[in-house]
Number of protein chains: 2
Amino acid sequence: MASSRDHVPRRAPTAHDVAALAGVSQSAVSRCFTPGASISEETRQRVQAAAEQLGYRPNLIARSLIKRRSTIVGVVIPGLQNPFYAAMLEALSADLATAGYRILLFNAPARDTPDPVLDEMLNYRVDALILVSSSLSSGLADECQKIGLPVVQLNRTTERSTVSSVVGDNRGGAEALARFLLACEHERFAFIAGLETSSTGKAREAAFLGTLGAAGKPVARGVANYVFEEAEAVARQMLGGAEPPDAIFCASDHMAIAALGVARTEFGLAVGRDISIVGFDDIQMAAWPQISLTTFRQPVRAMSSRAVAIIEAQLQGTRTGLSEVVPGDLVIRGSTRMPSHGVVDLGYERVWRPS
Amino acid sequence: MASSRDHVPRRAPTAHDVAALAGVSQSAVSRCFTPGASISEETRQRVQAAAEQLGYRPNLIARSLIKRRSTIVGVVIPGLQNPFYAAMLEALSADLATAGYRILLFNAPARDTPDPVLDEMLNYRVDALILVSSSLSSGLADECQKIGLPVVQLNRTTERSTVSSVVGDNRGGAEALARFLLACEHERFAFIAGLETSSTGKAREAAFLGTLGAAGKPVARGVANYVFEEAEAVARQMLGGAEPPDAIFCASDHMAIAALGVARTEFGLAVGRDISIVGFDDIQMAAWPQISLTTFRQPVRAMSSRAVAIIEAQLQGTRTGLSEVVPGDLVIRGSTRMPSHGVVDLGYERVWRPS
DNA sequence: TTGAAAGCGCTAACAA
DNA sequence: TTGTTAGCGCTTTCAA
């Protein structure tokens, strides 16, 4: 049997312990670990040696308590199974790290106001909150504003003046897709919606229907809640119907890929000829050769860095309730016909930019 | 100009403020927010009312300091662009939330010992550390053990006795894939490796080469560092060579899908007849009809929950350095030929279980 | 440059 | 059941 002494969990050494060993005051130890502090080279050496010997590491929890800054940002984000969110989290992680922040993560299915969760985050005294595809209740929004906590919604708009938001160009993108499909000379249109409650989804739908309506085209509609399997089911039902659509716009790439699979493998359709299918986001997989999905890009990196920039601005000054729209491109791939005008070849990809 | 008074960020109310308003002691307020504490119904009401009025929320930072428990677990995880890691993070998030923990996230490219990062996490006094596909330096491992901090490596093995680990069945899986490809009567084998330094990758490669070697089959080899584009390049080069392989094992699904795309779209191969391509992980996309990749499954949910269970066990007792292998299945899809024996149809999927 | 002392907001004995 | 009293580990005046 191994010596049980090996397993005794000692408490971590404190600045006090280091001070005692180095023969200095505890505040000297603190100064040694504070960048701009006034401390002699000799003391610093002594302290550093003692700290090393003991394996001392400054307790950031204690520091946060005193400084009233945790350098932690709370990030609330839904379904990482959707590559769009995974990419967004990766971007946020990089941008926040650069700005000197850590992420306290909460990953949960998209809901409108995950209040109990947010309560938790606020109790941890995060320095700011980033809500991806979800929004704040008015009570919580007021509270955040009262204590000066920056909040930015990513991929959701809000009418609350105290909450900032960053979104892709939902209106412009959906309108472009509608015009693009018209340019491809399609006749029977369909839209597969995500969540009924999503401001983002509603904006895309309104712009798509509006543009098509102005051209005198009706649009069939289904709802798939941003769920892959539900999108398959909706597509299956649409394509199996009496007057199947020859152009489908799915509110996200993830759903569009589901529809694509159904059209190709279950209905044997030549996607890009018989039928065009488009999505929204431009996730990584949209560019895979087996997928090759035409879609409107939401520039994840740009959206993330704008969100972080807004937080930093809000943490400095007093400006609040900023709202930004990040523009994107309509990327043309193999899942659609090629229109006769507006196609611009950038070399590594084709985009649609009608005059 | 709006009244500047609107923007004054007041400090958040403390238990002290609540106590003053409610006319009780500060400790009464504390008790009111401590589940099992002894407090009269009347006081609790008064405190609750005051707390509500002020918008009080207990400061968990202060609580952590005193309790020496943060209820935060540090998670270090690489490339969320790889759906395997995104799924793993989602699973960890769910399991840790159930166990009452929050996640302090660090997302960075896979390296062996991201020490500066880990330093940070330890300074935040996380209650435990989960390292996905990366490992601890011996110095840090010792330190963690000294202060009784549970560490578990997920998807990496270790020889350090103080660090626990949870991995999929890398040996068994790679061996099964080798035997499977032999049963499919392939002749010219190739292996596309991930990172040369990954214990997981090495185990897969050794088992694959070993099994094939025992059958007298040589194996061509390339390295793609788990990067999609690199895998495409390696596949392109292999398939364009003099004696192209008719069976390729990629160390991850992500790379296998890259190879699949090249084989299908660039070389016009009938994958599943001319050539078989297999991966490892069974990510969501492997089941997409356009992909349909035969692969060995790493059960993400099971791995995550084992990791969390180990942490909880380690937090309770003294057991340390546990090491678990979570079994998986070889899932047969369209990217391979169908062997003449061992195929078991489960209804929703086919797996390979030779007698 | 240094140390002493007073907290940051809370929990946990200990008395009352 | 309550209030009083020490701290948790650190930063930050303030004197020395």
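Numbers restart at 1 for each chain; the letters A, B, ... are given by sequence-line order, proteins then strands.
- Taking CG of B:L80 as the start and CE of A:M88 as the end, the distance is 13.0 Å to the nearest 0.5 Å.
- Between A:S164 and the options A:I310, A:I311, A:L154, a side-chain contact (heavy atoms from CB on, under 4.5 Å) holds for only A:I310.
- The stretch residues 94-106 of chain A participates, sequence neighbours left out, in these salt bridge (Lys or Arg N to Asp or Glu O under 4.0 Å) pairs: A:D95-A:R301, A:R102-B:E120.
- Between chain B and DNA chain C, the heavy-atom contact criterion of under 4.0 Å yields a 5' to 3' nucleotide range of C:dG9 to C:dA13.
- Going from atom OH of B:Y85 over to atom CG of B:N155 covers 5.5 Å, rounded to the nearest 0.5 Å.
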Just list the side-chain donor-acceptor pairs under 3.5 Å for residues 17-30 of chain A, sequence neighbours left out, or say none.
from, atom 1, to, atom 2, distance (Å)
A:D17, OD2, A:T14, N, 2.8
A:S25, OG, A:S27, N, 3.4
A:S25, OG, A:S27, OG, 3.1
A:S25, OG, A:A28, N, 3.2

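- One finds the OG1 atom of B:T71 at 2.5 Å from the OH atom of A:Y124 (value rounded to the nearest 0.5 Å).
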Anything under 3.5 Å between a protein N or O and an N or O of nucleotides 14-16 of chain D, put it in a table, one pair a line.
none

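- Here B:F84 pairs with nothing under the ring pair (Phe, Tyr, Trp, His ring centres under 6.0 Å) rule; sequence neighbours left out.
- The stretch residues 18-29 of chain A touches DNA chain C through A:V24, A:S25, A:S27, A:A28, each having a heavy atom within less than 4.0 Å of the strand.
- Sorted by residue number, the members of residues 46-68 of chain B with any non-hydrogen atom under 4.0 Å from DNA chain D read B:L65, B:I66, B:R68.
- For B:A62, the side chain to side chain contact (heavy atoms under 4.5 Å, CB included) criterion is met by A:L65, B:N59, not counting sequence neighbours.
- Residues B:T157 and B:S199 bring a donor and an acceptor atom of their side chains to less than 3.5 Å of each other.
- Atom CD of A:Q314 and atom CG of A:D127 lie 13.0 Å apart (nearest 0.5 Å).
- Considering only residues two or more places apart in sequence or on other chains, A:R57 meets the side chain to side chain contact (heavy atoms under 4.5 Å, CB included) condition with B:D119, B:L122, B:N123, B:R125, B:L140, B:E143.
- For residues 130-156 of chain A, there are no ring-ring contact (aromatic ring centres under 6.0 Å, His included) pairs, not counting sequence neighbours.
- Using a 4.0 Å heavy-atom cutoff across all strands shown, B:S38 reaches at least one base atom of the nucleic acid.
- Among the protein residues, A:S30 comes within range of the nucleic acid bases, having at least one heavy atom under 4.0 Å from a base atom.
- Residue pairs satisfying the salt bridge (Lys or Arg N to Asp or Glu O under 4.0 Å) criterion with at least one member in residues 27-43 of chain B, sequence neighbours excluded, are listed as follows: B:E42-B:R46.
- No side-chain donor-acceptor contact under 3.5 Å links A:S93 to the backbone of A:L89.
- The side chain of B:T43 contributes no N or O atom lying less than 4.0 Å from OP1 or OP2 of D:dT1.
- Whole-Å rounding puts the B:I39 CD1 to D:dG3 C1' distance at 12 Å.
- Bending across the helix from C:dT1-D:dA16 to C:dA16-D:dT1, expressed as the angle between its end axes from five pairs apiece, amounts to 40° (10° rounding).
- Between B:S40 and A:T34, the one whose closest nucleotide on DNA chain D sits nearer the 5' end is B:S40.
- Between the CD1 atom in B:I61 and the CD1 atom in A:I72 there is a gap of 6.0 Å [rounded to 0.5 Å].
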